[in-house]
Enquirer: 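This is the structure, below, for whatever I ask next.
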Amino acid sequence: MTLSEDLEKKVASIISQFEKTKRIEIDKPRWDQSTYWGRVRHFWVKTNPLNILYTDKELDYAKDIVTRYRNGENIANLDEDELWKQKYIYDSAFHPDTGEKTFILGRMSAQAPMNMLITGFMLTFYKTLPAILFWQWFNQSFNAMVNYCNRSGTEELGNSQIMKTYAAATSGAIFTAVSLNQMAHRFPPVVGRLVPFTAIAAANAVNLPLSRQNEIKHGMKIMDANGVTLGYSSTTAKIGISQVVLSRILMAVPSMVTIPLFMNRLERSGFLKRYPRFPLPFQVAACGAILTFSTPFCCAIFPQISSISVSWLEPELQEKLKAMANPPTKVYYNKGL
């Protein structure tokens, strides 16, 4: 073997060893978040309903793997795919700020199965006042619990603020549903079937801004391209929260609009008179199938870490950034979910 061949083998060995030991940035999404399909793949794994089936033992194992890897440990027989699998299992159950295990029904993986039941029952029992009151209350109670479980770990909401937000969202949803349901008698039956969706949209428009009012009042953190905090902006808070509201409303459209339209056709054809027990199981199952896909697809509409031109920020914040040694032309913010 010549000297050059021996040198080439050593270099190849060093490169191979480096490839095996190089660190993966597991605190960033696995797929490119600048593309829509990259975001869909990220949220598809993150919101997968099957994640709620993991046992406490499996969740604690995932936390152990992630913690050890973050601490710089090289874990034997852990390839890249297995590392990402454990990371997403960890993300599905543990709070990103506090590291605490969240209540199972408050996890993102519980969104599709829980909303499957809530939406299915809401679409089936939409005519009577007691049913409207109960399911709108139940839905907003579930939303309040999810918002609480996924709240920021750096800023605690006071009990009074939580109750005010919950009361406002619940009251708004019930008032909208009851009012529209009474007016729907003047219109074709399909209008009544769309009342639950309208109430949900109205509640989201009230619930999210109220639950995140501190960000609107005090500002949302803005960062440079390296994640360094540059300040806090109310403008980005309003934009980010508006994006989340729109995503959640669009998330409800496929199940709460298309299914009522389909059921209305079945009603007009006489099918529901022949099979009166058909609506509940069908609507619950259809909601489950649709929400499994609409949840990640709509979460991915806007990037989790979004950017905004500095010229859109508040004047005083613009002046602060322009005074920097290397003033940025755009900044980044986490819009939330």
Enquirer: Does anything in residues 31-50 form a side chain to side chain donor-acceptor pair (under 3.5 Å)? List the pairs, not counting sequence neighbours.
Expert: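 Of all non-adjacent pairs touching residues 31-50, those that pass side chain to side chain donor-acceptor pair (under 3.5 Å) are Asp32-Ser34, His42-Tyr88.
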Enquirer: Do Lys221 and Glu215 sit within salt-bridge range, that is, some charged N less than 4.0 Å from a carboxylate O?
Expert: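 Result for this pair is no, no salt bridge flagged.
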Enquirer: How many angstroms lie between CE in Met263 and CG in Leu266, if you round to the nearest 0.5 Å?
Expert: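 It comes to 5.5 Å.
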Enquirer: Using every non-hydrogen atom in the two residues, find where Pro303 and Ser306 come nearest and quote the distance to one decimal.
Expert: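 Heavy-atom minimum between the residues: O-OG, 2.8 Å.
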Enquirer: Which pair of non-hydrogen atoms, one from Leu280 and one from Gly120, has the smallest distance, and what is that distance?
Expert: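 Looks like CD1-O, 4.3 Å.
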Enquirer: Taking Asp224 for the side chain and Asn226 for the main chain, is one N or O donor matched with an acceptor at less than 3.5 Å?
Expert: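 Yes.
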Enquirer: Looking at Arg68, I want to see if its CZ is surrounded by more than 12 non-hydrogen atoms of other residues, nucleotides or ligands under 6.0 Å.
Expert: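 Yes - once you tally the heavy atoms of other residues, nucleotides and ligands closer than 6.0 Å, there are more than 12.
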Enquirer: Between the side chain of Asn139 and the main-chain N/O of Trp135, is any donor-acceptor distance below 3.5 Å?
Expert: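 No, Asn139 side chain to Trp135 backbone: no donor-acceptor pair under 3.5 Å.
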Enquirer: So, for Ile104 and Ala110, which heavy atoms are closest and what is the spacing to 0.1 Å?
Expert: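 In this case the closest contact between Ile104 and Ala110 is O-CB, 3.5 Å.
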Enquirer: Can I get a per-line list of side-chain donor-acceptor pairs under 3.5 Å for residues 327-337, giving both atom names and the distance, sequence neighbours left out?
Expert:
unit_1 : atom_1 : unit_2 : atom_2 : d
Asn334 : OD1    : Gln304 : NE2    : 2.7
Asn334 : OD1    : Gly336 : N      : 3.0

Enquirer: Could you walk me through whether Ser311 and Gln318 pass the side chain to side chain donor-acceptor pair (under 3.5 Å) test, one step at a time?
Expert: CA-CA 7 Å; Ser311 62; Gln318 291 186 42; over 6 Å; no
Enquirer: Could you check whether atom CZ of Arg70 has more than 12 heavy atoms from other residues, nucleotides or ligands sitting under 6.0 Å from it?
Expert: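 Atom CZ in Arg70 is crowded, with more than 12 foreign heavy atoms closer than 6.0 Å.
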Enquirer: Whether Lys85 and Asp81 form a salt bridge (side-chain N of Lys/Arg under 4.0 Å from carboxylate O of Asp/Glu) is what I want to check.
Expert: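 No, this pair does not count.
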Enquirer: Return the minimal non-hydrogen interatomic distance between Val40 and Pro296, and the atom names on each side.
Expert: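 Smallest heavy-atom distance, with atoms named: O-CB, 4.3 Å.
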Enquirer: Can the ring centres of Phe142 and Phe138 be said to be less than 6.0 Å apart?
Expert: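 Between Phe142 and Phe138, the centre distance exceeds or equals 6.0 Å.
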Enquirer: Just checking Phe278: does its CZ atom have more than 12 heavy atoms from other residues, nucleotides or ligands closer to it than 6.0 angstrom?
Expert: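 It does: Phe278 CZ has more than 12 such atoms within range.
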Enquirer: Which pairs count as side chain to side chain donor-acceptor pair (under 3.5 Å) when at least one residue sits in residues 284-302, sequence neighbours excluded?
Expert: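 Sorted result for residues 284-302: empty, none.
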Enquirer: Looking only at non-hydrogen atoms, find the nearest pair between Phe125 and Ala131 and report the distance.
Expert: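 Looking at all heavy atoms of both residues, the shortest contact is O-CB, 3.4 Å.
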Enquirer: Please say whether more than 12 non-hydrogen atoms of neighbouring residues, nucleotides or ligands are located less than 6.0 Å from NZ in Lys101.
Expert: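 Count over threshold, so yes.
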Enquirer: Under 3.5 Å, side chain of Glu319 to main-chain N/O of Glu316, donor-acceptor pair present?
Expert: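 Checked: no pair found.
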Enquirer: Quick one: CD on Gln136 to CD on Gln140, what's the gap to the nearest 0.5 Å?
Expert: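 If I round to the nearest 0.5 Å, the distance is 7.0 Å.
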Enquirer: Establish, yes or no, whether a centroid distance under 6.0 Å links the rings of Phe262 and Phe282.
Expert: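 Aromatic pair counts; centres sit under 6.0 Å.
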